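From a predicted model like this one, the values you see are computed outputs, not experimental measurements. Every heavy atom of this structure was used, including side-chain atoms; hydrogens, water molecules and symmetry mates were not.
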Amino acid sequence: MLLRSAVAAAALAACGCVGAQPPFLVDDVKDETLSFPVAASTPPVPEPPVPAEPTRDWVKLTSGEWLRGALVRIRSDRLEFDSDKLGSVTVALSDVETLCTVEEQAVVTGDDRGLRGRVVLRGDDLWIEGERTVQLERDALFAALALHDGRAVDWSGEVTVGATARSGNTSQNDFSGYAELLRESARTTWRSTYNGVASRAGGVETANNHRLRSIRDVFLTRRMFVTAPSVDAYRDRLQNIDVRLVAGAAVGYQVVDDGKHRWKVGAGPAYQFTRFRAPAEGEDGSEEALAAALRSEYGWDLTDDVTLGLDYLLNVAVDDADDYNHNLVARVSVDLIGALTLDVVFVWDRVNRPNARADGTVPGADDFRTTVGLGWSF
């Protein structure tokens, strides 16, 4: 028995996947390692080119290619890896033959149990090396996220700015901005975005609208998730909207999430409050309604350097289906140098039943805009 333990310890050391485990303080994953039986076998010693004592994570694809760097996350059958040479790489988990991590991961199984430790994956077998070494079938893996300061939380984001100034025969100033902040844990994603534009031509305001949205998704299974909360705040001076707030919750489904395509949809109830900037005489200055909200988010990696995003949000008043508004954002992002990107954004906002202004005029139902700007991701 002692000899077997010594051999096991040597094998783990060769993989570079052993070490003392501090208390489990991961964001939303409880460590249930002790509820699993001890592994029947030890993780295999990595084959070349992995060194005997690796200092970086390694991934071998089914094509035979190797990547060295750091595992970012595994979720919904998709693996994201930060390659030392290639940068961010996303592949379908089915295209991964071998994975060996040096850093500890927060791991969630398909039956909603949590583990903490270094991950070794080869073929159909999965080992989690934590307080004890646990061996599972590959299909049991639901999600994995690298630990940072004892917490399985990952932050990322992007800021895009576009501006135009003209003088002479035509005086015009345009400003557009887009910002995104994404917080991910093993089971949740929390995405907050800002999208706005301000424009003046010949001293006349031609655009002034801003939208702030924050959506938190909690995954219950590989595909199913609940959204709580979902908050959307919108302001458009030319649409006579001083502020429109929509707060709600939803049930959603991840339709696809592989190495190239990502699409999830959700629907649920919402509460909508609108305060008008200058209501017509005799009209209420505000209105509120219960609404049904539909949401769709789609992403497509057209090439290694070009991505397409399509976000759509529809709110329909429960007591009047003709009283609805929607927002469509189509975004093409092209990687330039380092963290810089070139972003082209098309936005379509529609208020199907605009509210008349104080002077009696009625704004148009549709607003379209296309902006071009430079972005920086982090």
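Under the 4.0 Å criterion applied to side-chain N and carboxylate O atoms, Glu180 and Arg213 are not assigned as salt-bridge partners. At a threshold of 4.0 Å, the pair Arg113-Glu32 does not count as salt-bridged, since none of the basic side-chain nitrogens sits closer than that to a carboxylate oxygen. Classification of Glu287 and Arg275 as a salt-bridged pair fails, no side-chain N sitting under 4.0 Å from a carboxylate O. Ion pairing between a basic and an acidic side chain is recognised when a charged N comes within 4.0 Å of a carboxylate O; Arg191 and Glu297 show such pairing. Salt bridge absent: Arg68 and Asp57 never bring a charged side-chain N and a carboxylate O closer than 4.0 Å. Between Glu97 and Arg122 there is no salt bridge, since no side-chain N of the basic residue sits under 4.0 Å from a carboxylate O of the acidic one. No salt bridge links Asp301 with Lys260; every basic N to acidic carboxylate O contact stays at or beyond 4.0 Å.
A donor-acceptor contact shorter than 3.5 Å is absent between the side chain of Thr227 and the backbone of Ser230. Checking side-chain atoms of Gln254 against main-chain N and O of Val256 turns up a donor-acceptor pair under 3.5 Å.
Pairing each heavy atom of Gly285 with each of Pro279, the nearest pair is CA-CG, 3.8 Å. Asp82 approaches Ser88 most closely through the heavy-atom pair OD1-N, 4.3 Å. The shortest heavy-atom contact between Phe142 and Phe219 is CZ-CB, 3.9 Å. The two residues Ala292 and Val318 make their nearest non-hydrogen contact at N-CG2, 4.1 Å. Summarising the geometry of Thr160 relative to Gly375, their closest heavy-atom pair is OG1-CA, 3.5 Å, with the distance given to 0.1 Å.
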Practice item. Quick one: do Arg73 and Glu80 satisfy salt bridge (Lys or Arg N to Asp or Glu O under 4.0 Å)? Show the steps, please. Key: CA-CA 5 Å; Arg73 70 180 61 82; Glu80 296 182 42; 2.5 Å; yes
Point to revise | Worked check of salt bridge (Lys or Arg N to Asp or Glu O under 4.0 Å) between Arg295 and Asp217 | key: CA-CA 12 Å; Arg295 161 192 163 213; Asp217 294 330; 2.7 Å; yes
Exercise for review: Go through the steps for Arg235 and Arg244 under the test side-chain contact (heavy atoms from CB on, under 4.5 Å), then give the verdict.
Suggested key: CA-CA 6 Å; Arg235 174 186 175 92; Arg244 184 176 66 216; over 6 Å; no
Check your understanding: Hey, mind stepping through Asp236 and Tyr234 against side chain to side chain donor-acceptor pair (under 3.5 Å) and telling me if it holds?
Key -> CA-CA 7 Å; Asp236 190 333; Tyr234 181 64; 2.9 Å; yes
Exercise for review: Apply side chain to side chain donor-acceptor pair (under 3.5 Å) to Glu103 and Thr101, showing your working.
Suggested key: CA-CA 6 Å; Glu103 299 297 329; Thr101 73; over 6 Å; no
Exercise for review: Quick one: do Glu158 and Arg331 satisfy salt bridge (Lys or Arg N to Asp or Glu O under 4.0 Å)? Show the steps, please.
Suggested key: CA-CA 13 Å; Glu158 182 175 354; Arg331 185 164 174 263; 2.8 Å; yes
Practice item. Evaluate the salt bridge (Lys or Arg N to Asp or Glu O under 4.0 Å) criterion for residues Arg353 and Asp322: first the C-alpha distance (whole Å), next the side-chain angles of each, then the deciding distance (0.1 Å), finally the verdict. Key: CA-CA 8 Å; Arg353 188 180 293 168; Asp322 196 45; 3.2 Å; yes
Exercise for review: May I have the step-by-step check of side-chain contact (heavy atoms from CB on, under 4.5 Å) for Asp343 and Val372, ending in yes or no?
Suggested key: CA-CA 6 Å; Asp343 295 326; Val372 180; over 6 Å; no
Practice item. Tell me, with the steps shown, if Trp263 and Ser296 meet side chain to side chain donor-acceptor pair (under 3.5 Å). Key: CA-CA 7 Å; Trp263 183 29; Ser296 172; 2.9 Å; yes
Check your understanding: Checking side-chain contact (heavy atoms from CB on, under 4.5 Å) for the pair Arg223/Asp257: CA distance, chi angles, key distance, verdict?
Key -> CA-CA 9 Å; Arg223 300 290 184 180; Asp257 190 357; 4.1 Å; yes
Check your understanding: Step by step, would you call Leu99 with Leu71 a side-chain contact (heavy atoms from CB on, under 4.5 Å)?
Key -> CA-CA 9 Å; Leu99 167 66; Leu71 176 67; 4.2 Å; yes
Check your understanding: Is there a side chain to side chain donor-acceptor pair (under 3.5 Å) between Arg369 and Asn209 once you walk through the steps?
Key -> CA-CA 11 Å; Arg369 74 174 185 267; Asn209 57 71; 2.8 Å; yes
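In the hydrophobic clustering of ILVMFWY residues, with side-chain heavy atoms under 4.5 Å counting as a link, Phe276 and Val351 come out apart. Note on Leu67 and Leu145: separate hydrophobic clusters, where clusters join Ile, Leu, Val, Met, Phe, Trp and Tyr whose side-chain heavy atoms are under 4.5 Å apart, directly or indirectly. In terms of hydrophobic clustering, with Ile, Leu, Val, Met, Phe, Trp and Tyr side chains grouped at heavy-atom distances under 4.5 Å, Val347 and Leu313 are assigned to different clusters. The cluster map of Ile, Leu, Val, Met, Phe, Trp and Tyr, joined by side-chain heavy atoms under 4.5 Å apart, puts Val59 and Leu86 in the same cluster. Hydrophobic clustering (side-chain heavy atoms under 4.5 Å, transitive across Ile, Leu, Val, Met, Phe, Trp, Tyr) keeps Val72 apart from Leu61.
Distance OG1/Thr133 to CZ/Phe36: 13.5 Å, rounded to 0.5 Å. The distance from atom OH of Tyr312 to atom CG of Leu294, rounded to the nearest 0.5 Å, is 7.0 Å. Annotation: the span from Cys100 atom SG to Leu121 atom CG amounts to 10.0 Å, rounded to 0.5 Å. The OH atom of Tyr178 lies 9.5 Å from the OG atom of Ser333; values are rounded to the nearest 0.5 Å. To the nearest 0.5 angstrom, Ile241 atom CD1 is 8.5 Å from Asn355 atom CG. Leu182 CG to Ser377 OG: the interatomic distance, rounded to the nearest 0.5 Å, is 12.5 Å.
For the pair Lys264 and Tyr253, the cation-pi test (distance below 6.0 Å, angle within 45°) is failed.
Applying the ring-ring contact (aromatic ring centres under 6.0 Å, His included) test to residues at least two apart or on different chains, the pairs with a partner in residues 343-364 are His326-Trp348, Trp348-Phe368. Listed by first and then second residue, the ring-ring contact (aromatic ring centres under 6.0 Å, His included) pairs involving residues 101-137 amount to none (not counting sequence neighbours).
Around the CG atom of Asp124, the shell of radius 6.0 Å holds no more than 12 heavy atoms that belong to other residues, nucleotides or ligands. Applying the 6.0 Å contact sphere to CG of Asp304 captures no more than 12 heavy atoms from other residues, nucleotides or ligands.
Side-chain contact between Val344 and Thr370 is present, with heavy atoms from C-beta onward closer than 4.5 Å. Residues Asn325 and Gln272 have side chains in contact (heavy-atom distance under 4.5 Å, counting atoms from C-beta outward). Counting only heavy atoms from C-beta outward, the side chains of Arg237 and Arg277 approach each other to under 4.5 Å. Looking only at side-chain heavy atoms (C-beta outward), Val255 and Arg262 stay at 4.5 Å or farther from each other. For the pair Arg211 and Asn327, the minimum side-chain heavy-atom distance is below 4.5 Å. Inter-residue side-chain proximity for Asp77 and Arg222 is flagged as met; some heavy-atom pair is nearer than 4.5 Å. Residues Glu205 and Ser199 fail the side-chain proximity criterion, which asks for heavy atoms closer than 4.5 Å. Side-chain contact between Lys60 and Val96: absent, with no pair of heavy atoms (C-beta onward) separated by less than 4.5 Å.
If you check the side chains of Thr303 and Asp305, you find no donor sitting under 3.5 Å from an acceptor.
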